[in-house]
J.: 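Before I ask anything, let me first share the structure, which is written out below as C-alpha cells.
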Amino acid sequence: MRALLEASFRHALAATHPTDLTRAALPEERPALVLALGKAALTMLEAALERYPNVPYLATPQADPTFEPSNSGAILPAAHPIPDERSVRAAARALELASRLQPHDLLLVLVSGGGSALWCLPEGISLAEKQALNQALLRSGASIQEINAVRKHCSRIKGGGLVRATQARVLALLLSDVPGDDPSVIASGPTTADPSTFAEALEVLERYRIEAPAAKAHLERGLRGELPETLKPGDPALARVENRLVGGNQTFLEAARAYWEAHGYRTLLLSDRFGGEARELAGFHAALVQSIRAHGTPVRPPVVLLSGGEATVTVRGSGQGGRNQEFLLGLLYQLGPEGVWALAADTDGIDGNTEAAGAFLTPDSWARAQAQGLSIKEHLERNDSYGFFSRLGDLLVTGPTQNNLNDYRAIVLE
C-alpha cells in the first residue's frame with residue numbers, strides 16, 4: 001500500500017506537469033517578452049521556448065538551474081521562502097524589462113507559487129526588515145491570504161505592480177498553489193488587481209502580534225493616504241490584462257483520483273480548499289475516519305479519502321517539520337493505535353523547513369513509535385514532525401519537483 005500511495009503522488013505530478021499545462025494555454029501571438037516566476041518557472045518556460053524560439057525572457061526559479069539558458073534570455077535564481085538580495089535583483093530586472101515594452105507589445109507572464117519571495121522589491125522598508133517580517137508571518141499561523149496582504153503593501157512589484165510598470169498588453173498564465181485559486185494571491189498577484197488594503201494589512205500584524213515597527217510605520221502612512229494603494233479592481237490598466245488559470249490543486253487531485261480508480265479503488269474527493277491549523281485539519285479527518293469505520297457514513301469502506309488545500313502551522317517549538325508532516329502526526333495522535341495508511345505531501349517536493357516532501361502513516365505507526373520510545377505528544381509540542389517520521393523511516397523525499405499545486409493528502413480505509 002505504501003508503494004501505491006507514493007505512486008499516486010508521482011502519477012499526479014506527471015499528469016499535471018507544468019510544461020504540458022502551459023503548452024495547452026499559450027497564445028498564437030508571439031510575445032515581445034516572457035517573464036517566468038515561481039517554483040515552476042523553468043518547466044513553464046520550457047513550453048514557451050518550444051513555441052516561440054529565441055523569444056526574449058527572464059526566469060526566476062527557486063534553485064540554481066540545471067536548465068540550459070539560451071542566448072535570448074536570462075535565468076536569475078532567488079531565495080525561498082525568505083527573500084534575499086537575488087530576489088531584489090530579479091524583481092528590479094523584471095520591472096526594467098517590462099517598462100521598455102510598447103502598447104502594441106504582448107508581455108507573457110508565467111506565474112507559479114513561491115513567487116512572493118522570489119520577486120521581492122521592498123517598498124518603505126529595507127530588505128533585512130522584509131526578511132524579518134516574512135519570517136514572523138510564516139511562523140505566525142496566518143493564512144496565505146493574510147500573509148500576502150502584508151507582502152503586497154510593502155512591495156513595488158506585487159499587487160499589480162508589474163502591470164503599472166508596463167504599457168504592454170499582459171497575458172499571465174497561472175499555476176495556483178493557493179486554496180480557491182484566487183489570482184490575486186498566487187505569487188502575491190503581480191499582474192492582478194488587489195482587493196486588500198493598507199488597513200487590512202495592518203490588522204494582520206495586530207491580529208498575530210507581529211512586531212515590525214518599520215512595516216507598521218509604512219502601512220500607517222498608506223492608511224493616512226500618504227502612499228498610493230495597490231492596483232484596485234476597475235483600474236483602467238486592467239483593460240489590457242488577462243489572467244488565465246492553467247492548473248491548480250483540483251487538477252492534481254483529479255489526476256490522483258483517476259490513478260486510484262484505475263487501480264480499483266473507490267475515492268471520495270473531499271475538497272481542494274482545506275486550510276486552518278494542520279492539527280485541527282487532522283482532527284477533522286480523524287473524526288471522518290472514525291465515522292466511516294463505526295457507521296459507514298458518509299461512505300462505506302473500502303475507500304480512499306483525497307483532499308488538498310493548504311494548512312498552516314503556528315510554530316511554538318524548535319523542531320523541524322512542515323504542514324503535511326504535522327498534519328500526519330496530528331492524525332496519528334487523534335486516531336491512536338487504530339491507525340491507517342496515509343500520505344500527506346507538498347507538490348513542490350519541499351514541506352516546511354525540511355528536505356522531505358511529506359511523510360507516510362501506516363497501520364502500525366503507533367506501535368512502532370511506542371517500541372522506539374517516541375512520544376507523539378512531545379513531538380507535536382516541539383513542532384518536530386520531521387524528527388518523528390525520520391526516526392520511523394517514513395519520510396517521502398522527492399527533491400524539488402518544479403511543480404507547485406498545493407498539498408496532497410490520501411487516506412486509505414480498507
Side-chain angles (χ1 to χ4, degrees), residues 33-45 56-69 73-100 107 109-140 144 147-166 177 186-191 201 205 210-219 227 230 348-350 352-355 400 402 404:
L33 175 67
V34 177
L35 298 176
L37 169 70
K39 294 182 179 179
L42 298 182
T43 44
M44 297 182 80
L45 177 64
Y57 69 86
L58 173 71
T60 307
Q62 178 180 357
D64 290 332
T66 56
F67 185 93
E68 193 67 36
I75 299 174
L76 298 180
H80 182 278
I82 305 301
D84 63 4
E85 293 82 358
R86 296 175 301 166
S87 308
V88 176
R89 182 164 66 99
R93 182 63 174 158
L95 285 186
E96 178 192 357
L97 292 173
S99 71
R100 298 177 184 177
L107 171 60
V109 189
L110 308 176
V111 183
S112 55
S116 294
L118 296 171
W119 274 359
C120 174
L121 207 52
E123 179 79 6
I125 60 176
S126 69
L127 174 60
E129 289 164 337
K130 187 70 174 285
Q131 289 171 325
L133 176 63
N134 272 10
Q135 189 75 264
L137 286 166
L138 292 171
R139 293 174 62 90
S140 70
I144 189 61
I147 291 172
N148 283 359
V150 178
R151 285 168 162 169
K152 285 185 278 192
H153 285 87
C154 296
S155 171
R156 287 172 49 202
I157 197 166
K158 298 175 174 63
L162 181 62
V163 172
R164 282 180 166 161
T166 187
D177 69 331
I186 303 166
S188 294
T191 63
L205 298 187
I210 294 173
E211 294 297 327
K216 285 183 179 179
H218 170 73
L219 296 174
L227 301 171
T230 49
D348 68 7
I350 303 296
N353 60 355
T354 76
E355 84 279 7
Q402 295 196 49
N404 196 10

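Just so you know, these numbers come straight off a predicted model, no measurement behind them.
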J.: Say you draw a straight line from CD of Q131 to SG of C120; how long is it, rounded to the nearest 0.5 Å?
T.: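 Interatomic distance, Q131 CD to C120 SG, rounded to 0.5 Å: 7.5 Å.
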
J.: Between atom SG of C154 and atom CD1 of I125, what is the distance when rounded to the nearest 0.5 Å?
T.: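 Answer for the SG-CD1 pair, C154 versus I125, is 4.5 Å.
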
J.: On a heavy-atom basis, which atom in L118 and which in G38 lie closest, and how many Å separate them?
T.: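 Heavy atoms only, the tightest pair is CD1-CA, 3.5 Å.
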
J.: Can you establish whether the number of heavy atoms outside R139 located under 6.0 Å from its atom CZ is more than 12?
T.: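 Counting neighbours around CZ of R139, 12 or fewer heavy atoms of other residues, nucleotides or ligands fall under 6.0 Å, so no.
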
J.: Using atom types as modelled and distance alone, determine if a side-chain donor or acceptor of T43 lies under 3.5 Å from a backbone N or O of A40.
T.: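 Side chain of T43 to backbone of A40, a donor-acceptor pair under 3.5 Å: yes, one is there.
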
J.: Do the side-chain N and O atoms of S188 and N148 include a donor-acceptor pair separated by under 3.5 angstrom?
T.: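 A pair is found: one side chain offers a donor N or O, the other an acceptor, under 3.5 Å apart.
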
J.: Measure the OG1-NZ distance between T191 and K158 for me, rounded to the nearest 0.5 Å.
T.: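 T191 OG1 to K158 NZ: 13.0 Å, rounded to 0.5 Å.
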
J.: So do the side chains of T60 and P77 get within less than 4.5 Å of each other, counting heavy atoms only?
T.: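 A side-chain contact under 4.5 Å is absent here.
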
J.: Got a sec, which residues hit side-chain hydrogen bond (donor to acceptor under 3.5 Å, both in side chains) with Q135, two or more places apart in sequence or on another chain?
T.: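 In terms of side-chain hydrogen bond (donor to acceptor under 3.5 Å, both in side chains), with neighbours along the sequence ignored, Q135 is linked to no residue.
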
J.: Using 0.5 Å steps for rounding, measure from the CD1 atom of I144 to the OG atom of S116.
T.: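 Reported to 0.5 Å precision, the distance equals 6.0 Å.
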
J.: Please examine the side chains of L138 and P81, heavy atoms only from C-beta on, and report whether any two atoms are closer than 4.5 Å.
T.: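 Yes, side chains in contact.
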
J.: If you round to the nearest 0.5 Å, how far is CG of D177 from CG of N404?
T.: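 These two atoms lie 4.5 Å from each other.
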
J.: Using a 3.5 Å distance criterion without hydrogens, assess whether the side chain of H218 forms a donor-acceptor pair with backbone atoms of P213.
T.: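 Such a contact is absent between H218 side chain and P213 backbone.
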
J.: Of all heavy-atom pairs between S112 and A187, which one has the smallest distance, and what is that distance?
T.: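 Answer, listing the atom of S112 first, then A187: O-CB, 3.9 Å.
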
J.: I'd like to check L162 versus V109 (side-chain heavy atoms, cut-off strictly below 4.5 Å). Are they in contact?
T.: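 Heavy-atom side-chain distance check passes, below 4.5 Å.
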
J.: Identify the heavy atoms of L76 and R89 that sit nearest to each other, and give their distance.
T.: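 Minimum heavy-atom separation between L76 and R89: CD2-NH1, 3.6 Å.
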
J.: Side chain to side chain contact (heavy atoms under 4.5 Å, CB included) between S99 and T166: does it pass, once the steps are laid out?
T.: CA-CA 5 Å; S99 71; T166 187; 6.0 Å; no

J.: Determine the sole option in Q62, K39, Q402 for which the side-chain hydrogen bond (donor to acceptor under 3.5 Å, both in side chains) test with D348 is passed.
T.: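 Exactly one pass, corresponding to K39.
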
J.: Between L137 and L205, does a side chain to side chain contact (heavy atoms under 4.5 Å, CB included) hold up when you go through it step by step?
T.: CA-CA 8 Å; L137 286 166; L205 298 187; 4.3 Å; yes

J.: Please name the pair of heavy atoms, one in P122 and one in V88, separated by the smallest distance, quoted to 0.1 Å.
T.: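 Nearest heavy atoms, P122 then V88: CD-CG2, 4.1 Å.
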
J.: For a 4.5 angstrom cut-off between non-hydrogen side-chain atoms, does L42 reach P61?
T.: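 When only atoms from C-beta onward are counted, P61 and L42 do touch, with a gap below 4.5 Å.
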
J.: Once salt bridge (charged side-chain N to carboxylate O under 4.0 Å, His left out) is applied, do any residues pair with R100, and if so which ones, sequence neighbours excluded?
T.: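 Per chain and number, R100 pairs via salt bridge (charged side-chain N to carboxylate O under 4.0 Å, His left out) with E96.
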
J.: Work out which heavy atom in I75 is nearest to a heavy atom in Y57; give both atom names and the distance.
T.: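 What the structure gives for the nearest pair is CG1-CE1, 4.2 Å.
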
J.: What's the spacing between L133 CG and R151 CZ if we round to 0.5 Å?
T.: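 Between atom CG of L133 and atom CZ of R151 there are 9.0 Å.
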
J.: Per the salt bridge (Lys or Arg N to Asp or Glu O under 4.0 Å) rule, what does the pair list look like for residues 114-135, sequence neighbours excluded?
T.: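 Output for this query is empty, none listed.
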
J.: Could you walk me through whether L35 and V111 pass side chain to side chain contact (heavy atoms under 4.5 Å, CB included), step by step?
T.: CA-CA 8 Å; L35 298 176; V111 183; over 6 Å; no

J.: Using the side-chain hydrogen bond (donor to acceptor under 3.5 Å, both in side chains) rule, take S87 and W119 through it: C-alpha gap first, then chi angles, then the decisive distance, then the call.
T.: CA-CA 5 Å; S87 308; W119 274 359; over 6 Å; no

J.: Might you point out which heavy atoms bring T230 and G159 nearest each other, and give the distance in Å?
T.: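 That would be CB-O, 3.6 Å.
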
